[in-house]
Amino acid sequence: MKEVQGPTPAGTSRPYRSLPEALRAHRIDPSNHEFITGIMDAVGISSYIDRGRYIEAIRRGEGASLHIGKTYTNGFTEDERIVVGSTALRLQPSEGRAPLFYVSHPSEFIPLTPPRAAKRTTTPRVAAAPRERASKPVEERDYGVCDVCFMVKTPAGGCGCN
């Protein structure tokens with residue numbers, strides 16, 4: 001049987017009581033929970049450990065432990081055949097844990113933008129009639145006041161007493 005490894009360099013290592021607890025703690029998308037649970041049931045896991053950036057799932061039998069990240073599960077061998085539901089997983093070669101393989105979680109394949117609503121087919125759109133532009137009100141200008149008759153000066157600078 002495999003022994004649980006020690007803490008990570010950051011000291012964040014701790015065991016989880018269950019997979020749902022680990023998935024919630026790592027804030028893994030709930031749409032992936034059923035998929036990940038299916039993988040863990042197919043492989044056979046004895047314990048889950050917090051490793052900081054991922055959850056380490058220790059296998060009951062022989063084989064490398066699985067690393068469950070937000071978007072992937074890593075640690076499968078090339079000859080492993082994992083079936084979730086009725087579909088065999090398509091394993092891809094791992095770059096970080098080479099000879100091992102990984103699988104992407106379903107949330108990676110869901111479109112980020114929601115589908116657009118169907119276009120209306122009842123009435124075609126018609127361009128609106130052009131609007132008349134409202135004229136800007138003329139600002140009143142202050143041309144000053146005559147010192148002699150106290151009338152407002154004209155734009156030319158004159159008044160009624162000139």
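Note that this is a predicted model, so its numbers are computed, not measured. For reference, positions follow the sequence shown, starting with 1.
When side chains are defined from C-beta on, C149 counts as touching C159, because their heavy atoms get closer than 4.5 Å. Between P15 and S47, the closest side-chain pair of non-hydrogen atoms is not below 4.5 Å. A 4.5 Å side-chain heavy-atom check between R27 and K70 finds at least one atom pair inside the cut-off.
Clustering ILVMFWY residues whenever any of their side-chain heavy atoms sit less than 4.5 angstrom apart, transitively, puts M40 in the very cluster that holds L91. Under a hydrophobic-cluster definition in which Ile, Leu, Val, Met, Phe, Trp and Tyr are linked whenever side-chain heavy atoms come within less than 4.5 Å, directly or via other members, V43 and I36 are assigned to the same cluster. Hydrophobic cluster membership is shared by L19 and F35, with clusters built from Ile, Leu, Val, Met, Phe, Trp and Tyr side chains linked at under 4.5 angstrom. Taken together through direct or relayed side-chain contacts under 4.5 Å among Ile, Leu, Val, Met, Phe, Trp and Tyr, I49 and L23 form parts of separate hydrophobic clusters. Linking ILVMFWY side-chain heavy atoms closer than 4.5 Å, directly or via other members, places V103 and L66 in a single hydrophobic cluster.
Residues that satisfy the side chain to side chain donor-acceptor pair (under 3.5 Å) test with Q92, not counting sequence neighbours, are Y102. With sequence neighbours excluded, the residues forming a side-chain contact (heavy atoms from CB on, under 4.5 Å) with P20 are S18, R24, listed by chain and number. Scanning for side chain to side chain donor-acceptor pair (under 3.5 Å) contacts around S94 gives N74, with sequence neighbours left out. Residues satisfying the side-chain contact (heavy atoms from CB on, under 4.5 Å) criterion with V126, sequence neighbours excluded, are absent altogether. Residues passing the side-chain contact (heavy atoms from CB on, under 4.5 Å) test with A42, sequence neighbours excluded: I82. Judged as a salt bridge (charged side-chain N to carboxylate O under 4.0 Å, His left out), and not counting sequence neighbours, E34 has no contacts. Legend: residues meeting side-chain contact (heavy atoms from CB on, under 4.5 Å) with T154, ordered by chain and number and at least two apart, are A156. Among residues two or more places apart in sequence or in another chain, the side chain to side chain donor-acceptor pair (under 3.5 Å) test is passed with H105 by T73.
Of the inter-residue distances, the one linking N32 atom CG with I39 atom CD1 reads 9.0 Å to the nearest 0.5 angstrom. Separation of atoms CD1 (I68) and NE2 (H26) is listed at 9.0 Å; rounding is to 0.5 Å. With values rounded to the nearest 0.5 angstrom, R51 atom CZ is found 8.0 Å from S65 atom OG. To the nearest 0.5 angstrom, R14 atom CZ is 6.0 Å from D50 atom CG.
Of all the heavy atoms in A64 and L100, the pair that sits closest is CB-CD1, 3.9 Å.
Residues in residues 78-93 take part in these salt bridge (Lys or Arg N to Asp or Glu O under 4.0 Å) pairs, two or more places apart or across chains: R59-E80. Note on residues 142-154: no pairs pass salt bridge (Lys or Arg N to Asp or Glu O under 4.0 Å), not counting sequence neighbours. Residue pairs meeting the ring pair (Phe, Tyr, Trp, His ring centres under 6.0 Å) criterion with at least one partner in residues 48-96, sequence neighbours excluded, are Y54-H67.
Using a 4.5 Å cut-off between side-chain heavy atoms of Ile, Leu, Val, Met, Phe, Trp and Tyr, V83 forms no hydrophobic cluster with any other residue.
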